[in-house]
Amino acid sequence: MKFFVDTAEIDEIKDLADSGLLDGVTTNPSLIAKSGRDFKEVILEICKIVDGPVSAEVASTDYETMQKEADNIAGWAENIAVKVPLTEAGLKVCKNLSDNGTMVNVTLCFSTGQAILAAKAGAAFISPFVGRLDDISQDGLQLISDIVRIYDNYPDFHTEVLVASIRNPMHIIDSAKMGAHVMTAPPKVIKQLYKHPLTESGLAAFVKDWAETGQSIL
Ligand code: G3P
């Protein structure tokens, strides 16, 4: 499973990139607004830190303007994945960009039907939002399982399932069990994967016992 981080904060991205476990970055207009930084400037900085796909999202909703924005963003760096919303205009733009070899991440996916359309439009990634479905008492992870199963039926679909809107470690673990290709999560949730109380208490005991031997490895 590929690990993307869902943030536009440079320090957080650098920290995770240093772990060697980071395969890409996703951003959205809300995360850019939260960073308080210039969109292009921050995306270019991220693209230099991470070799893998960096998602940068269009802001317009009409086809013509969206296509212009997408063409512009696509030229910013080699590892850009242009992010478009799952709308008729978004999927038209997706098809145009994909035909020209640009990676596209189709976002705001909430149904299997939408996921089929995105695959047919040549998306590199489909982003179903599990947390936002859970928030309205629908089963976000069931959607992931259904999309993975549907895509598996069609070898000519090359779209990767990118689990988005992740709220907790179980969203990541369950998506991995289902065979989702990629997940994107806030740094805090990725860090939670390291944690286990038995690891912490076990390590404390090893440190204490080792100190009592009076030895040094170096
Ligand atoms: O970037 C898309 C997605 O991950 C947003 O998550 O937490 O705003 O629902 P959230």
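Just so we're clear, the structure is a prediction, and the values are computed from it rather than from any experiment. Just so you know, ligand 1 is whichever comes first in the structure, and atom 1 is the first atom listed for that ligand.
The closest side-chain heavy-atom distance from I80 to M103 is not below 4.5 Å.
Residues meeting the side chain to side chain donor-acceptor pair (under 3.5 Å) test with S175, sequence neighbours left out: none. For D15, the side chain to side chain donor-acceptor pair (under 3.5 Å) partners two or more places apart in sequence, or in a different chain, are K191.
Ionic pairing of E160 and K2 is present here: one or more N-O contacts between side-chain nitrogen and carboxylate oxygen are shorter than 4.0 angstrom.
At a 4.0 Å heavy-atom cut-off, the residues surrounding ligand 1 are D6, N28, K83, F129, R132, A164, S165, R167, listed by chain and number.
Listed by first and then second residue, the ring pair (Phe, Tyr, Trp, His ring centres under 6.0 Å) pairs involving residues 53-100 are F39-W76 (not counting sequence neighbours).
Minimum interatomic distance between T26 and L31 (heavy atoms only, all atoms of both residues): O-CD1, 4.1 Å.
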